[in-house]
Every structure is written in C-alpha cells, then in structure tokens.
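Notes follow once the structure below has been shown.
Labels below follow one simple rule: chain letters A, B, ... track the order of the sequence lines, proteins then strands, and each chain is numbered from 1. Only this structure's heavy atoms are used, side chains among them; waters, hydrogens and symmetry mates stay out.
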Amino acid sequence: MKEAAKQPPIRETRLSKTYAPAEVEARRYAEWVADGRFAAADDSDRDPYCIVIPPPNVTGQLHLGHALNHTLIDAMVRRERMRGKEALFLPGTDHAGISTQNVVERQLADHDGLSRHDLGREPFVDRVWDWKATYHERIVAQMKKIGDGVDWDRERFTLDDGLSEAVQTIFKRLYDDGMIYRAERIINWCPRCMTALSEIEVEHQDDAGELVSMRYGEGEDSIVVATTRLETMLGDTAVAVHPDDERYAHLIGKAVELPFTGRHIPVVADEHVDPEFGSGAVKVTPAHDPNDFAIGQRHELDAPLIMDERGVITAHGPFEGLDRFEARSAIAAALRSEGRIVSERRPYMHAVGHCDRCDTVVEPRLSKQWFVKVEHLAKLSADAVRDGRTRIHPPEMEKRYFSWVDNLLDWCISRQLWWGHRIPIWYGPDGDQVCVGPGETPPEGYVQDPDVLDTWFSSALWPFSTLGWPARTPALEKFYPTASLITGQDIIFFWVVRMMMFGTYAMGEAPFKEVYLHGLIRDKDGRKMSKSAGNGIDPLEVVDTYGADALRFMLARDAQPGSDNTASIELAEISRNFCNKLWNGTRFALMSGATVAGDLPAEPTLIDRWILSRLAQTVSTVDAYLEDYEFAKAIDALYHFAWDDLFDWYLELTKPVLAEGGPAADGTRRVLGHVFDHLLRLLHPVIPFVTEELWLELTGGEAREQAPADRPAPSLTVAAWPTAGAVDEEAERLVADLQHLVVEVRRFRSDQGVKPNQSVAARIAGLADARLADQEPLVRAFARLDEPGDDFAPTAELAVSDRVTVALDTSGTIDVAAERARLHKALGTAEKELETTGKKLGNEAFLAKAPDEVVEKIRTRRAAAEADIARINAQLERLEG
RNA sequence: GGGUGCUUAGCUCAGCGGUAGAGCGCUGCCCUUACAAGGCAGAUGUCACUGGUUCGAACCCAGUAGCGCCCA
C-alpha cells in the first residue's frame with residue numbers, strides 16, 4: 001500500500017461538492033443583519049467612511065445598473081470596514097414625483113376608471129402612499145438579495161418627516177437669501193403629465209418632421225418664414241430679420257398680415273436673427289419658444305398663449321379646439337389652399353424634446369414657476385472641484401462636470417403635481433406671499449401654493465438630510481462630508497451637481513471627498529439594455545440561477561473607469577464558475593489540513609515562500625487599484641492569483657509535501673491556511689457570501705458554534721483587511737524556472753501523444769546548476785517522469801533551458817516530424833529575435849540616444865536569442881542524426 | 001451644428017514610447033478520489049486608414065473613415 005501512503009491525508013468536510021448559493025445566501029444575510037454587521041456607530045473612535053446610496057425610485061425595481069452601482073459601493077464600504085473604519089452604507093429610496101404619480105394615475109384609471117381629480121388631492125396622495133409601501137418592500141427585498149451591506153436602521157425616504165423638514169428648511173433659507181424667486185418664463189411643459197419640467201428632464205431625439213416655408217402678407221410687403229411647428233403661427237406677434245439684411249430693410253417697421261387671425265404683426269430688426277438660415281426671416285412666437293420670448297422682451301411684444309395645458313388650441317378661429325398636432329396639419333392644408341406655402345422639406349430631421357418620463361413631445365410654454373438662482377451655487381460647486389476638495393474619478397469626467405456647472409441655467413423647481421414636497425409658500429388675500437419655515441404657522445386666511453417641488457430638490461439634500469440635517473446630529477458630525485459618491489455617469493447633471501450645490505451652500509463643505517462615475521450596462525453587442533429591446537437581464541434572475549456572488553463578481557470584474565459595462569448571461573456563468581472553483585479549492589485545502597493556528601513556519605519551503613510572495617504582490621496590486629476605483633483590474637489580479645498561482649500550481653505543488661508528512665508538511669498546512677485566509681478576505685468585499693461561508697469553515701467553525709448567544713460570532717465581515725507582506729524575488733524566479741521546466745516537458749509529452757497518466761522514464765541533467773536540485777521529486781511528479789531504470793534508452797532529449805536538459809525514454813518511436821516542425825518554428829522565432837535585436841544594436845543612433853537600461857535589455861535579448869538558436873540547432877541535429 | 005470618446009485575436013476588452021496581452025470561444029488529449037461549473041497542452045493579430053515626429057510608434061501629432069455618448 002505504498003501508493004496509498006503517498007496520497008495527502010484527506011479529512012472529512014461538511015462542504016458539498018459544488019457550491020449551492022441559494023442555500024447559503026439568505027441565511028448569511030439574515031445573520032449579518034441580526035448581528036449588526038452593517039450597523040455604524042456615531043460615537044466610535046474609528047475614522048468614518050460613509051457612502052450614501054443613490055436612492056432608487058421607490059416604485060421601480062432594481063435593474064442591472066442598480067446592481068452594478070450597489071456592488072461597487074458595497075465592495076468599497078465592506079473593504080473599509082475590514083480596514084477598521086466606521087463604515088456606513090446608508091440606504092434609502094426616492095419618491096420620484098412624476099413617474100410615481102404617473103404609475104398610480106394609470107392604475108387608478110385602469111382599475112377604477114377615475115382620474116386623480118375625481119378622487120381629490122388628499123385621497124389621491126394617500127393612495128400613492130399605499131402604493132409606495134408595497135413597492136418599497138419589494139425594493140428592500142431586492143437589495144437584500146444582492147447582498148447590499150447597508151445599515152437598515154438608518155434607511156431614509158425623500159418624503160419622510162425628517163427629509164421633508166430638511167426640504168422646508170433649505171427652501172426657507174434660500175428664499176430668505178433671495179435665491180428662490182417666482183417668474184414667468186418659457187419652461188418645458190409636458191402636456192400629458194401636465195407639469196413643468198426642468199431642462200434635464202427633457203430628452204432630445206431626432207425626429208422626422210417637416211420644415212414648411214410660408215408667406216406672410218401680400219405682394220411687395222410679403223415675407224417668407226419657415227417653421228417645423230406650424231401651429232405656433234397662431235401665436236406669432238412679429239417677424240424678425242437681421243438689421244443689416246438688405247433684403248428686408250424696406251420692411252422693418254412695417255406690418256404684415258398674419259393669416260387666419262386678421263391680426264397684423266410688425267417686422268422687427270433683431271441682431272440675434274441668423275440671416276444665413278432659411279429665408280433669413282423668422283416668425284416670433286414669444287409664448288411658445290425660448291428664443292422668441294427673448295426677442296419679444298427686447299421688442300416689447302405681446303406673448304399670447306395659444307394652447308391650453310393639454311396642448312389643445314385655444315386661439316379663437318378655425319383651429320380652436322384642435323390638438324396641437326391636428327392643428328399642425330389643418331393649418332398646413334389651409335395655407336396650401338391659400339397658396340401661401342413656398343416650400344416643404346420632408347422628412348426634415350431635427351431634435352425634438354420629449355418628456356423623460358412619458359416620451360410625450362414637450363411644449364415650450366410661457367408659465368409662472370418657481371426658480372432657484374444658481375449662479376452662486378454653481379460657483380461654489382465648481383470651486384470645490386477646482387480646488388481639489390472633491391476629486392472626480394475618472395478625471396476625464398471633470399470636463400463634463402465643468403461644462404455643465406459653468407453654464408447652468410436657473411433651476412425650475414415647481415411641478416404641477418400632487419406627489420411631492422409642497423412648496424412652503426402661502427399667498428395672502430392681498431396677493432402677498434410668505435415663506436413658511438419648519439414649525440412656523442402661516443398667517444390666518446392664507447392659502448398654500450398648490451405645486452410641489454422637483455424631486456431632485458430633495459435628493460440634492462440627500463448626503464446630509466439622511467444624516468439628520470438640519471439638526472446637528474452626531475451622525476452628521478461623524479459622517480459628513482461623506483467619503484465618496486459612486487453613481488452612474490448619466491446622472492452627473494441631475495444629481496451630482498445639485499448635491500454639490502446644496503451641500504456647499506447648506507453645510508459649507510462639499511458633500512463628498514470623491515466622486516466615482518461608473519458606466520452604463522450594455523449587452524454583448526453594445527446596445528443599451530432595455531425592456532423594449534428585449535435584451536435586458538434581470539439581476540434577480542441571475543441571483544436565482546447563479547447566485548448573488550456571481551452577479552456581483554460579473555459586474556465588478558467588468559467595471560473599468562471611463563467605459564461601459566458589457567453584461568451577458570455567459571459572463572454570469574463564468575463568474576459562477578469562479579465561485580465554484582474557489583469553493584472547491586478551499587474545500588481541498590481543508591481536506592488537506594490547512595490551518596490558521598500558530599505561526600507561519602520559520603523556514604518555509606521554496607514553494608511556500610513563492611506563494612507567500614505571490615500573495616504579497618496581489619495584496620499591494622489590489623490595494624493600489626482599488627484606490628483608483630479600478631475594480632476590473634483589482635479583480636483580474638485576484639482572479640489570476642487564485643486560479644493560476646494558487647489552484648493550478650500551489651495546490652498541486654504541495655501535494656507531495658503534504659503526502660510525505662513531517663515538519664515540512666506542518667509548515668505547508670499552515671501556509672495553506674494563511675493563503676486561503678487572506679485570499680478569502682481579499683475577495684470578500686466583492687463576493688461576500690461564498691467567502692464568509694468558506695472562511696468560517698477554515699478559521700473558526702467550532703468557535704462559531706460555541707460562541708455565547710449574546711456575542712456575535714466571528715465573521716469575515718469584520719475580519720481585518722490583509723496588509724502586504726514581503727516580496728521574495730528569489731523564490732519567484734526559481735519557481736518560474738521550475739514552471740517553465742514542467743511546462744516544456746508536458747508540452748513535449750502532449751505533442752508526442754503521451755497520455756497524461758502515462759509515466760515516462762527520464763534523466764534530468766543540470767538541475768543543480770539551475771538551483772533546483774531539491775525540487776527534482778516535484779518535477780518528476782509534475783511531469784510524470786520516472787527514474788531511469790537499468791534499461792534506460794533515451795529516445796529524445798529536450799534542452800529546456802541553457803542549463804537543464806531532460807532525456808526521455810518514450811519507449812517507442814517518437815514523432816520526429818512533429819518535433820522537427822515545432823523546433824523549426826521555435827528556431828524561426830529566435831532567428832527573428834536575433835535579427836531585430838541585432839539591427840538595433842548595429843544602429844549608432846540607437847546606441848547613442850536610447851537609455852542605457854534599454855540598450856542593456858536589448859543586449860540580453862540578443863544573447864538569449866543566440867543561446868536559443870544554438871540549443872535548438874543542437875537538438876535538431878540530434879533529431880536528424 | 002458644438003463638444004467628447006472609441007476603433008487591438010472570432011467575441012468582450014486591457015495595454016498608451018522600448019519583445020502584442022487577458023477572459024471567453026476555438027483545437028487536441030484527459031472523468032488523474034478538491035473541482036468536467038474541471039485538468040493538461042496548443043493555435044490565433046498589416047494594433048481602422050494615410051501621413052508626420054522619434055534611434056524606436058498600438059502608444060505622441062495631424063488628417064481621413066466608421067461607430068458611440070453628451071449638449072443644442
């Protein structure tokens with residue numbers, strides 16, 4: 001039974017043969033929450049590290065983009081917790097004014113056939129709260145499923161009492177500072193949502209429209225104007241031309257007749273008209289176009305509204321009562337019959353604004369709304385980044401930040417909705433207004449403004465309102481400003497800039513020290529994921545099929561600053577495979593007696609030294625990458641360390657030692673435990689479930705079961721993050737040589753068709769020269785080479801390096817042709833190398849100008865090429881001779 | 001129209017002056033008691049195009065083409 005004794009001792013393990021995430025995840029998550037693993041303390045001595053969640057829409061559901069976002073935040077926070085920080089991932093949701101109201105209105109119409117007006121404001125809002133409760137629960141369940149390590153006791157909602165007080169407080173403060181005002185302006189109006197929108201809630205799409213040129217007036221006094229929005233002509237109050245445009249000089253100051261209306265409108269001269277565009281004359285509709293509004297103001301023109309809030313024409317005349325698009329065709333037909341149409345370009349591609357929420361074509365509309373004056377706030381926000389108080393990652397994103405914040409328009413904050421923070425302005429009977437702060441009562445007989453605030457107004461307060469502001473709470477003292485903000489780059493304008501504005505204004509300090517903007521999720525073909533395209537992947541399905549760790553690993557592994565993520569089900573599978581490999585590797589280490597008890601061996605084996613060095617390299621690499629939010633690279637380093645170094649080499653290389661037993665084996669078991677312990681720590685922030693399960697098994701299964709009920713058991717969530725040990729260059733070099741030797745022999749075997757389990761007698765020469773003499777048993781085990789017997793008759797000789805040769809007896813004919821072909825190919829490569837290096841070294845300019853170390857490197861390469869050529873030629877001769 | 005980014009192996013992407021890389025896929029062999037969700041070995045590229053700078057360019061500069069994103 002000599003053979004059996006050679007096997008490593010196999011111990012019992014309770015770990016199953018494959019990793020079954022579903023069984024582990026729910027149990028572990030509940031345990032973490034129960035043990036307060038994610039709870040942050042306001043009064044600890046630890047340094048704070050806080051990231052607030054970008055609050056998802058409470059009535060939405062989490063998609064892959066959220067999953068990516070949460071994974072990255074969670075990984076950062078978990079790592080900082082392991083590094084000893086008071087780490088807080090602060091959760092919450094957003095009331096999402098327009099979209100939530102839309103959803104409930106639709107449901108109300110479908111179920112009860114009622115409009116919100118039928119129901120009335122209070123009952124409608126109550127109904128939205130009910131709706132919110134249901135969907136909130138769902139979103140919380142989703143976050144738990146993907147493993148978000150958030151402090152649930154601190155969860156907030158943008159419409160809860162505290163945050164409502166924060167909203168009212170800042171409104172009052174801005175109002176008193178003269179930074180909130182009400183004015184008649186052209187705003188973006190959604191005729192379906194029946195509310196004002198801010199410019200960022202408008203999405204511009206290229207639509208195929210029609211550019212119609214038409215004639216106003218008659219004969220010499222007629223003038224041609226062009227438009228894509230024919231219906232607005234009903235609201236024209238002038239035609240404008242450039243003052244220097246000689247074609248129209250004679251008309252300036254005169255009036256032309258506006259068709260269908262009986263009105264005569266003046267021709268005015270305005271420098272902002274582009275004489276090159278179209279006919280050089282433009283119609284002016286001050287109430288329905290921002291540029292025209294500006295012209296109207298300069299020339300004191302009337303600004304009549306010609307449609308109502310639903311987009312129905314109200315201008316008296318033949319088109320009254322038509323929808324704006326019906327009116328457009330009706331007017332075209334009428335103009336045509338009057339012979340006023342000069343030309344029609346169709347299709348005419350141009351950008352048309354659509355409502356971000358319901359895709360309806362937005363109508364620019366003159367309307368009285370509330371605005372925030374942004375000039376000062378924008379400057380504060382820009383300065384915080386310019387001064388380096390807030391750093392943006394990746395740095396290229398700064399440009400986008402500045403281009404927005406430096407050109408910001410006043411922010412329209414009123415919305416004609418019922419779901420949201422009601423504007424705290426009360427109007428008196430005499431038309432005066434007061435702004436009511438928290439705890440104040442409006443004067444008798446005053447009525448409150450019916451409108452609510454833009455949702456982003458409340459989410460702009462998020463990094464400090466969630467911590468208790470306006471009260472100076474211990475949490476606020478401890479965690480503000482937050483460490484970092486991690487969010488999608490598509491939201492920089494909506495949200496990041498606005499948090500910067502309110503944070504710098506209300507707190508005197510930018511709300512985060514760093515901002516990391518990650519990419520969007522795309523499918524394998526680079527398309528944006530969407531339900532309509534049918535290419536969407538539901539993160540929860542990925543969790544169900546492959547586990548939460550696989551989902552998180554897949555997303556983090558692909559998160560490269562500055563570029564989008566590609567996601568596909570194959571990537572989830574690959575990630576699942578990694579988790580399973582990790583599971584089995586750890587399982588094997590356990591069965592081999594890996595331990596974390598006691599000190600590392602004082603005199604580790606070469607192989608042990610090597611893996612410890614590789615681990616040290618990996619720790620510093622991972623740390624360096626994570627500092628720069630280089631998630632993909634950090635994960636790549638861990639992936640290769642785990643799979644290539646640890647699983648493929650170290651676990652195999654240690655098998656003989658472990659089988660042998662004795663002090664060397666004890667030391668190796670200790671190193672094995674150490675390396676797995678640290679690998680699991682390093683991976684834990686990204687794949688928390690499988691690593692926790694394995695780590696407890698490895699380090700403290702028994703301690704866990706025996707822990708007193710009132711004290712949380714050990715957990716990887718609070719284990720210390722590894723610090724990099726020393727790099728052992730000698731061990732790295734020697735093992736690299738060993739690997740090269742083994743791979744060369746295996747390659748030869750494979751080329752010669754020798755079966756993997758078939759042993760081959762061989763004589764190895766030169767190992768001592770290569771300082772690998774001690775490793776001969778390992779080499780033999782790995783390459784399946786037997787000691788040469790008395791009848792040893794080598795059939796082939798491999799020159800593996802300039803020192804080591806291996807003579808093999810394949811006990812049969814070898815495939816000379818195959819081996820010769822391979823050698824000729826290798827010879828070709830070496831000869832080419834000799835040629836290129838020789839050329840360089842023969843170049844005076846290169847020798848004179850290239851840095852010494854480069855020249856030296858090329859010399860080394862040439863020498864190596866020469867040695868290779870000699871070695872290969874010798875081998876070829878032997879083969880042929 | 002104005003910005004801005006991309007184009008490297010079949011696919012997804014690293015590399016951003018000094019020997020072209022990874023993952024997946026592909027080919028061959030292997031169910032070797034940790035793992036077939038696996039092991040061993042292997043093949044694969046006018047680094048979009050055209051010029052320029054440089055001793056040297058996938059990398060820097062200019063232009064061209066195609067694709068994408070943001071803003072009007």
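Residues meeting the salt bridge (Lys or Arg N to Asp or Glu O under 4.0 Å) test with A:Glu652, sequence neighbours left out: A:Lys655. Contacts of A:Asp406 classified as salt bridge (Lys or Arg N to Asp or Glu O under 4.0 Å), with partners at least two apart in sequence or in another chain: A:Arg386. With sequence neighbours left out, the side chain to side chain donor-acceptor pair (under 3.5 Å) criterion links A:Glu398 to no other residue. Residues passing the salt bridge (Lys or Arg N to Asp or Glu O under 4.0 Å) test with A:Asp628, sequence neighbours excluded: none.
Side-chain nitrogen and oxygen atoms of A:Lys755 include none within less than 4.0 Å of the OP1 or OP2 phosphate oxygen of B:C31. For A:Lys399 and B:G5, the shortest distance from a side-chain N or O to OP1 or OP2 is below 4.0 Å. The phosphate of B:G38 (OP1 or OP2) has a side-chain N or O of A:Asn577 nearer than 4.0 angstrom. Taking side-chain N and O atoms only, A:His640 has a distance below 4.0 Å to OP1 or OP2 of B:G23. Phosphate contact (OP1/OP2 of B:C24, side-chain N/O of A:Tyr639, threshold under 4.0 Å): present. For B:C40, the OP1/OP2 oxygens have no side-chain nitrogen or oxygen of A:Trp649 closer than 4.0 Å.
For the P atoms, the distance linking B:C6 with B:C24 amounts to 27 Å, nearest Å. On the P atoms, B:U8 is 12 Å away from B:U46, given to the nearest whole Å. The gap from the P atom of B:G18 to that of B:C26 amounts to 34 Å, rounded to the nearest Å. B:U32 and B:G39 have their C1' atoms separated by 8 Å, with the value rounded to a whole Å. Straight-line distance between the P atoms of B:C30 and B:C59: roughly 45 Å, to the nearest whole Å. To the nearest whole angstrom, the two P atoms, one in B:A43 and one in B:A22, are 12 Å apart. Rounded to a whole angstrom, the distance from the C1' atom of B:C29 to that of B:G21 is 26 Å. Spacing of P atoms, B:C11 relative to B:G2, comes out at 33 Å, to the nearest Å.
Which of B:C55, B:C40, B:A34 sits closest to the side chain of A:Phe588 comes down to B:A34. Of all nucleotides listed (B:U19, B:G18, B:A72), B:U19 comes nearest to the side chain of A:Arg861. Residue A:Thr18 places its side chain closer to B:A37 than to any other of B:G18, B:G42, B:A37. The side chain of A:Lys840 lies closest to B:G18 when the candidates are B:G23, B:A14, B:G18. Here the nucleotide nearest the side chain of A:Phe846, chosen from B:G15, B:C29, B:C55, is B:C55. Set against B:A72, B:G38, B:C55, the side chain of A:Lys581 has B:G38 as its closest nucleotide. Nearest nucleotide to the A:Arg587 side chain, out of B:C35, B:U19, B:U44: B:C35. Side chain of A:Lys849, nearest nucleotide from B:A22, B:C55, B:A34: B:C55. Side-chain proximity of A:Ile574 to the nucleotides B:C24, B:A34, B:C35 is greatest for B:C24.
Residues A:Ala865 and A:Ala830 come closest through the heavy atom pair CB-O, 3.8 Å.
With hydrogens and angles left out, the side chain of A:Gln752 and the base of B:A41 share no donor-acceptor pair within 3.5 Å. For A:Lys17 against B:C35, a side-chain-to-base donor-acceptor contact under 3.5 Å is absent. A donor N or O paired with an acceptor N or O is found under 3.5 Å between the base of B:A37 and the side-chain atoms of A:Arg576.
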**Strand RNA chain B in bracket notation, Watson-Crick/G-U under 3.5 Å with | for pairs to another chain** = ((((((((.[[[[.)..(..]]]].(((((.......))))).....[[[[[..)....]]]]]))))))).
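No engagement by A:Arg749 is indicated, since no non-hydrogen atom pair under 4.0 Å with the nucleic acid exists. Residue A:Asp648 is classed as a sugar-phosphate contact, given heavy-atom separations below 4.0 Å to backbone atoms only. Nucleic acid contact for A:Asn757: none, since no nucleic acid atom lies under 4.0 Å from a heavy atom of the residue. When heavy atoms are screened at a 4.0 angstrom cut-off, A:Val754 is found touching no nucleic acid atom at all. Using a 4.0 Å heavy-atom cutoff across all strands shown, A:Leu651 reaches at least one base atom of the nucleic acid. Base contact: A:Glu652 has a heavy atom under 4.0 Å from a base atom. No contact: A:Lys839 has no heavy atom under 4.0 Å from any strand.
Salt-bridge annotation for A:Asp751 and A:Arg747: present, with a side-chain N of the basic residue lying under 4.0 Å from a carboxylate O of the acidic one. Look at A:Lys633 and A:Asp636 and you find no salt bridge, because none of the NZ, NE, NH1 or NH2 atoms lies under 4.0 Å from a carboxylate O.
Ranked by how close their nearest RNA chain B nucleotide is to the 5' end, A:Trp404 and A:Arg557 are led by A:Arg557.
Defined by atom type and a distance below 3.5 Å, a donor-acceptor pair is missing between the side-chain atoms of A:Asp644 and A:Trp649.
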Enumerate donor-acceptor pairs with a distance under 3.5 Å from any side-chain N or O in residues 846-858 of chain A to protein atoms, sequence neighbours excluded.
none

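Per the geometry, CG belonging to A:Asp644 stands 9 Å off P belonging to B:C40, to the nearest Å.
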